[in-house]
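This one's a predicted model, so the numbers in the text were calculated from it and none came from an experiment.
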Amino acid sequence: MIIRRRSHFGWGPSDADFAMPQRGIVLHFNGRATHLSAHAECIAYWKRVRSFHVDGNGWVDIGYSFGVCPHGEVFTGRGLYRYQAAQGTTEGNREYYSITLMVGGTEVPPAQQIDMVRDFRRYLIGLGAGVEIRPHQKFFDTDCPGPVITELLSQGAFDHGTALGLDLA
C-alpha cells in the first residue's frame, strides 16, 4: 500500500484539531469529471483541492482526511486523528474519516482505486476506526459521491465482491 504523506506535497503537519474518528469512513468525489490520467495530474489536483479549501473556503487545511487517486495511491490530507471539514456536520467531521476518490461525474473508478479504498479502509479499522462506510449525502444535502460511487457502495464494492461488471476480488 502506497500512502503519500503530507510532506510529499510540500505540506507541514495539519493544524486541524485532534479527533478520534471511531465510526468509520465517508466517501466523496470531485463533482465534475477529473480526467486524471498521468500520476503527476493527481498530485497537481490534490494540491489544487487543498488550495481551494484553504484559500476559497477559509478552512485551516484541506477538508478531507485522505484521497485515493485512480492509480491506487492514498494521498494524506488532514490525516489520522484530525477533525476534518468534508461532511458538513460536527458529528460527521469528528466521528468519521473522509476519503475522496479523485474522480467525478460519471467516471468509473478503476479497479486499483476501488481496491485501495477497500485496503485502506481495513487499515483504518485496524487503527480503531469503525466499520461504517457511508456516502457524503447521508450527512449533507448533496449528490456527493455521485451516482457511480453511490451504486458501488450499494453493491458492497468497498467491502468485497463484484460491482458494475468489474471483478474486484
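Ring geometry for W11 versus F9: interplanar angle of 30 to 60°, hence tilted. Below 30°, between 30° and 60°, or above 60°: for F75 and H39 the angle between ring planes is above 60°, a perpendicular geometry. Note on ring orientation: taking the six-membered ring where Trp is involved, the planes of Y64 and H53 are tilted (angle from 30° to 60°).
Taken together through direct or relayed side-chain contacts under 4.5 Å among Ile, Leu, Val, Met, Phe, Trp and Tyr, M1 and L80 form part of one hydrophobic cluster. L127 and V131 are assigned to two separate hydrophobic clusters, defined by single-linkage of ILVMFWY side chains at heavy-atom distances under 4.5 Å. Clustering ILVMFWY residues whenever any of their side-chain heavy atoms sit less than 4.5 angstrom apart, transitively, puts V60 in a cluster other than the one holding Y97.
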Run the side chain to side chain contact (heavy atoms under 4.5 Å, CB included) test on V103 and I149 for me, step by step, so that the C-alpha distance in whole Å, both residues' side-chain angles and the decisive distance to 0.1 Å come before the verdict. CA-CA 9 Å; V103 295; I149 295 172; 3.9 Å; yes
Run the numbers on M20 and F18 for side chain to side chain contact (heavy atoms under 4.5 Å, CB included), then give the verdict. CA-CA 7 Å; M20 284 289 292; F18 177 82; 3.6 Å; yes
Between L101 and L27, does the side chain to side chain contact (heavy atoms under 4.5 Å, CB included) criterion hold? Intermediate values first, please. CA-CA 7 Å; L101 283 79; L27 294 183; 4.0 Å; yes
Y123 and D119: side chain to side chain contact (heavy atoms under 4.5 Å, CB included), yes or no, with the steps? CA-CA 6 Å; Y123 170 76; D119 291 348; over 6 Å; no
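Of the inter-residue distances, the one linking M102 atom CE with T34 atom OG1 reads 9.0 Å to the nearest 0.5 angstrom. Note: L124 CG to Q22 CD = 12.5 Å, rounded to the nearest 0.5 Å. A distance of 7.5 Å separates OG in S98 from CG in N93, rounded to the nearest 0.5 Å. Between the CG atom in D55 and the CZ atom in R48 there is a gap of 14.0 Å [rounded to 0.5 Å]. To the nearest 0.5 Å, atoms CE (M116) and CZ (F158) are separated by 13.0 Å.
Panel note: side chain N57, backbone W59; no donor-acceptor pair is recorded below 3.5 Å. Side-chain atoms of R78 come within 3.5 Å of backbone atoms of I62 as a donor-acceptor pair (strictly under, hydrogens ignored). Formation of a donor-acceptor pair under 3.5 Å by the T142 side chain with backbone atoms of Q137 is not found in this model. Distance alone, capped at 3.5 Å, places no donor-acceptor pair between the E151 side chain and the V148 backbone. Of the possible donor and acceptor atoms, one in the side chain of R6 sits under 3.5 Å from a partner among the backbone N and O of G12. In terms of modelled atom types and a separation under 3.5 Å, the side chain of R118 and the main chain of A157 share a donor-acceptor contact.
Of all non-hydrogen atoms in A16 and Y83, the two that sit nearest each other are CB-O, 3.4 Å. Heavy atoms only, all atoms of each residue included: E132 and Y96 are closest at OE1-OH, 2.7 Å. Here the closest non-hydrogen pair linking E41 and H35 is OE1-O, 3.8 Å. Minimum heavy-atom separation, W46 to F66: CH2-C, 3.7 Å.
Classification of D15 and R82 as a salt-bridged pair fails, no side-chain N sitting under 4.0 Å from a carboxylate O. Ionic pairing of D61 and R50 is present here: one or more N-O contacts between side-chain nitrogen and carboxylate oxygen are shorter than 4.0 angstrom.
In this model, no donor atom of one side chain and acceptor atom of the other lie less than 3.5 Å apart for Q84 and S65. Using a 3.5 Å distance cut-off with no hydrogens or angles, the side chains of Q113 and H71 do not pair a donor with an acceptor.
Within a 6.0 Å radius of CZ in R5, no more than 12 heavy atoms belonging to other residues, nucleotides or ligands are found.
Using a 4.5 Å cut-off on side-chain heavy atoms (C-beta onward), L36 and C69 make no contact. With contacts defined as side-chain heavy-atom distances shorter than 4.5 Å, the pair P70/C42 qualifies. In this structure, E73 and I3 have side chains that are not in contact, with every pair of non-hydrogen atoms separated by 4.5 Å or more. In this structure, N30 and T100 have side chains that are not in contact, with every pair of non-hydrogen atoms separated by 4.5 Å or more.
Here the options are V26, I25, I99, the test is side-chain contact (heavy atoms from CB on, under 4.5 Å), and the partner is I133; only I25 passes.
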